[in-house]
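Beneath this line is the structure, given in structure tokens, with notes to follow.
Hydrogens, waters and symmetry mates play no part in the numbers below; they use all other heavy atoms, side chains included. In what follows, every chain begins at residue 1, and chains take the letters A, B, ... in the order their sequences are listed.
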Amino acid sequence: MFEFNYRSIGMFEPIFHSHTFYEVYYFHEGKCNYLIGDQIYNLSPGDLILMNGMTLHCPKVDPEIPYIRSIIHFDPAILRPYLELPQAVPVMRPFEQFKNYRLCLRGKEKEELEQILLVMLSHQQRGDKVGESRLLLAFVDMLHFIYDQCLQPLGEQREVPSDKEKTVQEIIALLEDVYMDDELSMELLHSKLHLSKSYLAKIFKDVTGVTLFEYVYRKRINEAKILFLLHPSLSVTEVSFRLGFKHLAHFSRLFKQQVKITPEGYKKELKKDRQLHKQLEGEGN
DNA sequence: AGGCACTGAGTTATCTGACG
DNA sequence: CGTCAGATAACTCAGTGCCT
């Protein structure tokens, strides 16, 4: 699995999502707050984000100003041939070490990365086998560049967040602890943070682009998918209770809303995948 | 028959915009 | 940063269908 999208325009994509592969996200221009897991990044041109796809992420975009970014999705398995060379540098370490990470590239470093992106684009545009292979090599080069940057002492990587963003960061930190709690409510957040319920709702949406409970439910449904994957024997009811839902009906409806398929249907799909996988393995031997 | 997953519809909580 | 009120979305209960 390898996908490269050069300088694509993001207009309206407040879609909170996760995926099973890794992502490299480079911000070219525009205005964007990026919410990844429990962190909010106020992106500036030259920012590069490394992401473990299982972490929920979503950009919060100003619809007036289109923003331009390049995105690379990849399955680390495709890099194996390059990583097993005797002199190989462990370029995947930054992805493994930090669940997600932002590099602020400026000046020479920014130019170098953009140069690599251009090279990748030219290889991609050839559209043949050689192009494909060189695209991958250029990407491996990019990973070396990233690895190198991660070794540099962090000259200030972080902008100073506004008070509002700090508060939202606090809300998110709190939610990280309690998002699976079945007693979670605005009342609880209000009592812990001493801010009015409507104000909490307002600044959260302002900064992240999603409502508070949308954030919570995205996290829960994401967790549900992981539970179904790792523990096929768990029933839908059991999973819904573990995630803090008081009613199966509620979980079922939200799951279908987000995943476009019922939880039971999702389990069945996973089962089919597993059987297919086994079958292919059997034929392989 | 009994358990489980899902849906319809009324109730309740959250969201959002206006205003102080 | 808070309050208020109307709009919207989530919660809950009751009921249905499917499977064993």
Side-chain angles (χ1 to χ4, degrees), chain A residues 11-18 31-33 35 38 40 42 56-64 160-275:
Chain A
M11 283 290 277
F12 310 99
E13 56 165 353
I15 304 155
F16 216 171
H17 59 289
S18 73
K31 245 180 115 175
C32 176
N33 272 1
L35 178 62
D38 57 354
I40 302 161
N42 208 327
L56 274 177
H57 50 281
C58 89
K60 195 259 178 172
V61 186
D62 181 343
E64 300 295 309
V160 180
S162 67
D163 285 351
K164 199 158 79 169
E165 283 167 0
K166 273 189 219 158
T167 309
V168 172
Q169 198 74 69
E170 263 180 67
I171 301 173
I172 291 176
L174 179 58
L175 289 179
E176 284 300 305
D177 287 340
V178 301
Y179 76 95
M180 289 202 281
D181 187 338
D182 62 354
E183 296 300 322
L184 177 59
S185 66
M186 288 303 269
E187 195 58 49
L188 181 88
L189 297 176
H190 159 71
S191 69
K192 297 246 183 201
L193 295 164
H194 309 291
L195 289 166
S196 80
K197 291 184 263 184
S198 55
Y199 181 64
L200 284 173
K202 197 161 16 191
I203 59 171
F204 194 90
K205 179 75 185 273
D206 262 6
V207 173
T208 67
V210 293
T211 68
L212 237 150
F213 278 80
E214 200 179 334
Y215 174 83
V216 168
Y217 294 133
R218 293 280 165 184
K219 280 187 78 71
R220 285 187 183 178
I221 300 299
N222 196 48
E223 198 68 34
K225 286 172 156 180
I226 295 171
L227 281 176
F228 284 139
L229 187 67
L230 298 181
H231 307 285
S233 59
L234 285 179
S235 69
V236 175
T237 310
E238 175 62 25
V239 167
S240 88
F241 289 152
R242 282 195 189 191
L243 296 174
F245 289 97
K246 287 199 191 87
H247 296 267
L248 173 64
H250 185 209
F251 168 66
S252 182
R253 207 186 312 261
L254 279 177
F255 193 97
K256 191 174 170 190
Q257 219 174 60
Q258 286 179 32
V259 190
K260 312 291 175 213
I261 178 173
T262 62
E264 187 62 27
Y266 186 80
K267 279 185 69 168
K268 281 186 183 142
E269 291 287 316
L270 286 177
K271 193 174 171 186
K272 244 195 266 170
D273 281 354
R274 269 193 298 273
Q275 279 167 350

Find the distance A:Lys256:NZ to B:dG8:P and express it as a whole number of Å.
8 Å
Between A:Lys267 and A:Val236 the two heavy atoms that sit nearest each other are CD-CG2, 4.1 Å
Of A:Ser185 and A:Ala249, whose nearest nucleotide on DNA chain B comes first from the 5' end?
A:Ala249
Donor-acceptor contact below 3.5 Å, side chain A:His190 vs main chain A:Leu195
yes
Just wondering, do A:Gln258 and A:Arg218 contact through their side chains at under 4.5 Å, heavy atoms?
yes
Considering only heavy side-chain atoms of A:His247, the closest of B:dC6, C:dT12, B:dT16 is C:dT12
Identify which nucleotide among B:dC4, C:dA10, B:dT14 has an atom closest to any side-chain atom of A:Thr237, counting heavy atoms from C-beta outward.
B:dC4
Would you call the rings of A:Phe251 and A:Phe245 parallel, tilted or perpendicular, where under 30° means parallel and over 60° means perpendicular?
tilted
Selection from C:dA10, B:dC15, B:dC6 that lies nearest to any side-chain heavy atom of A:Gln257:
C:dA10
Atom CZ of A:Phe213 and atom P of B:dC15 are separated, to the nearest Å, by 6 Å
Where the side chain of A:Lys197 meets the backbone of A:Ser185, is there a donor-acceptor pair that is under 3.5 Å apart?
no
Please write out the pairs of protein N or O atoms and N or O atoms of nucleotides 2-8 of chain C separated by less than 3.5 Å, giving the distance to one decimal.
residue: C:dG2; atom: OP2; partner: A:Ser196; partner atom: N; Å: 3.2

Quick check for you: among B:dT16, B:dA5, C:dT12, whose closest atom lies nearest to any side-chain atom of A:Thr211?
B:dT16
Angle class for the A:Tyr215/A:Phe204 ring planes (parallel below 30°, perpendicular above 60°, tilted otherwise)?
perpendicular
Determine whether A:Glu170 and A:Leu193 make a side-chain contact, defined as any pair of heavy atoms from C-beta on separated by less than 4.5 Å.
yes
To the nearest angstrom, how far is A:Tyr266 atom OH from B:dC6 atom P?
14 Å
Is DNA chain C part of any stem, that is, at least 3 consecutive Watson-Crick or G-U pairs with both distances under 3.5 Å, and where?
B:1-20 with C:1-20
4.5 Å side-chain heavy-atom contact, A:Leu175 and A:Leu212:
yes
Below 30° counts as parallel, above 60° as perpendicular, anything between as tilted: where do the rings of A:Phe255 and A:Phe228 land?
perpendicular
Does A:Ser235 have a side-chain nitrogen or oxygen under 4.0 Å from the phosphate oxygens OP1 or OP2 of B:dC4?
no
Out of C:dA10, B:dC6, B:dT16, which has the shortest distance to the side chain of A:Leu254?
C:dA10
From the list B:dT14, B:dA5, C:dT12, which nucleotide is the closest neighbour of the side chain of A:Glu264?
B:dA5
